[in-house]
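Input: a single structure, listed below in structure tokens.
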Amino acid sequence: MIRIGHGMDVHRLVEGRDLILCGVKVPHEKGLLGHSDADVATHALMDALLGAAALGDIGKLFPDTDDRYCGADSLMLLAEVMRRIRELNLTPVNVDVTIVAQRPKLRPYIDTMREKLAECLRLPLDCVSVKATTTEHLGFEGEEKGISAHAVCLLTTL
Ligand code: MG
């Protein structure tokens with residue numbers, strides 16, 4: 001059996017925060033605001049995985065009212081999502097993440113992002129895609145007010 005999942009997320013860009021995307025700290029004058037490390041790309045991916053498994057969403061699993069997740073490393077949360085998916089005898093086939101950001105240029109960090117996700121997902125690198133796009137200065141991403149991310153995944157039964 002194959003199951004498809006989709007996730008998306010948005011976080012606001014603010015001064016005085018680190019910019020963490022797929023577990024990689026990207027040098028930038030602003031970072032994403034959120035209860036956890038606000039890793040918008042990993043959040044979208046977690047929602048895709050949870051969606052494929054019909055396990056709800058990250059807001060349900062890791063409520064932002066819970067102090068345990070304050071400043072949380074989103075890759076640790078992803079590891080917990082993976083634990084729950086494996087409990088259902090499901091495993092990912094491949095994932096594809098798209099980050100929508102006007103700036104900074106993400107290309108130099110994409111391969112490290114893929115490696116971090118692949119390790120967490122226990123997938124070969126060629127089954128983990130991370131892409132970045134701008135919006136030609138249109139919308140909140142284009143105006144650099146925030147960054148959004150979309151993710152899709154396939155799960156299969158073990
Ligand atoms: Mg989020």
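Order of appearance sets the numbers: ligands from 1, and atoms from 1 within every ligand. In this chain, numbering begins with 1 at the start of the sequence shown. No hydrogens, no waters, no symmetry mates; every other heavy atom, side chains included, goes into these values.
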Using a distance threshold of 2.8 Å, what protein N/O/S atoms lie below it relative to the Mg ion (ligand 1)?
Asp9 OD2, His11 NE2, His43 ND1

Tell me if the CD atom of Glu80 is crowded by more than 12 foreign heavy atoms within 6.0 Å.
yes

Any donor-acceptor pair under 3.5 Å linking the side chain of Thr135 with the backbone of Gly142?
yes

Parallel, tilted or perpendicular: which fits the ring planes of His150 and His6, with parallel below 30° and perpendicular above 60°?
tilted

The side chain to side chain contact (heavy atoms under 4.5 Å, CB included) partner of Leu61 among Leu77, Asp66, Leu50 is Leu50

Once you round to the nearest 0.5 Å, how far does CG of Asn94 lie from OG of Ser129?
8.5 Å

Is the number of heavy atoms from other residues, nucleotides or ligands within 6.0 Å of CZ (Arg122) greater than 12?
no

